[in-house]
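This report refers to the structure that appears directly beneath it.
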Amino acid sequence: ETLRTSDVEAAREAADLLTQRSPLSVAATVEAMRRAAGMDSVHEVLEQDKRLARGLVEHGDFVEGVRAQLVDKDRAPQWSQKSFDEMSDEQVARLFD
């Protein structure tokens, strides 16, 4: 919402782009950056990224994005959640397990 209501055009464009992406993947990316800020080494960050990548692939939105962009090329992915409001913090946290 902050990006969408910004006075900066690039911020509003970023908001539009983010709403086209998997809400769960976007939320997980933000959480990963928050967690990485408190880590002591690149190794820790890479381990987190590996867990997150596995979680995102297993969840299914990654596969759906590949289908929409590369396989069917319809560019109409059907994400597991339609909006950020449909997710919970628990869903995001499970991706890091």
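FYI, side chains are in, hydrogens and waters are out, and symmetry mates aren't considered; it's all heavy atoms of this structure.
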With sequence neighbours excluded, residues passing side chain to side chain donor-acceptor pair (under 3.5 Å) with Asp89: none

Donor-acceptor pair between Ser25 and Asp61 side chains, under 3.5 angstrom: no

Atom CD of Glu9: over 12 foreign heavy atoms under 6.0 Å: no

Salt bridge flag under 4.0 Å for residues Asp7 and Arg12: no

Atom of Ala68, atom of Ala76 and distance for their closest heavy-atom approach: CB-N, 3.9 Å

Polar side-chain atom of Trp79 near backbone of Gly65 as donor-acceptor pair, under 3.5 Å: no

Hphob cluster co-occupancy, Val26 + Leu52, side-chain heavy atoms under 4.5 angstrom: yes

Connected via hydrophobic side-chain network under 4.5 Å: Leu18 and Leu24: yes

Cluster link Leu70 to Val57, ILVMFWY, side chain under 4.5 Å: yes

With sequence neighbours excluded, residues passing side-chain contact (heavy atoms from CB on, under 4.5 Å) with Val63: none

Under 3.5 Å, sequence neighbours excluded: what are the donor-acceptor pairs made by side chains of residues 90-97?
{"residue": "Glu90", "atom": "OE1", "partner": "Ser88", "partner atom": "OG", "Å": "3.3"}
{"residue": "Gln91", "atom": "OE1", "partner": "Ser88", "partner atom": "N", "Å": "2.8"}

Heavy atoms from other residues, nucleotides or ligands near NZ of Lys73 exceed 12 (cutoff 6.0 Å): no

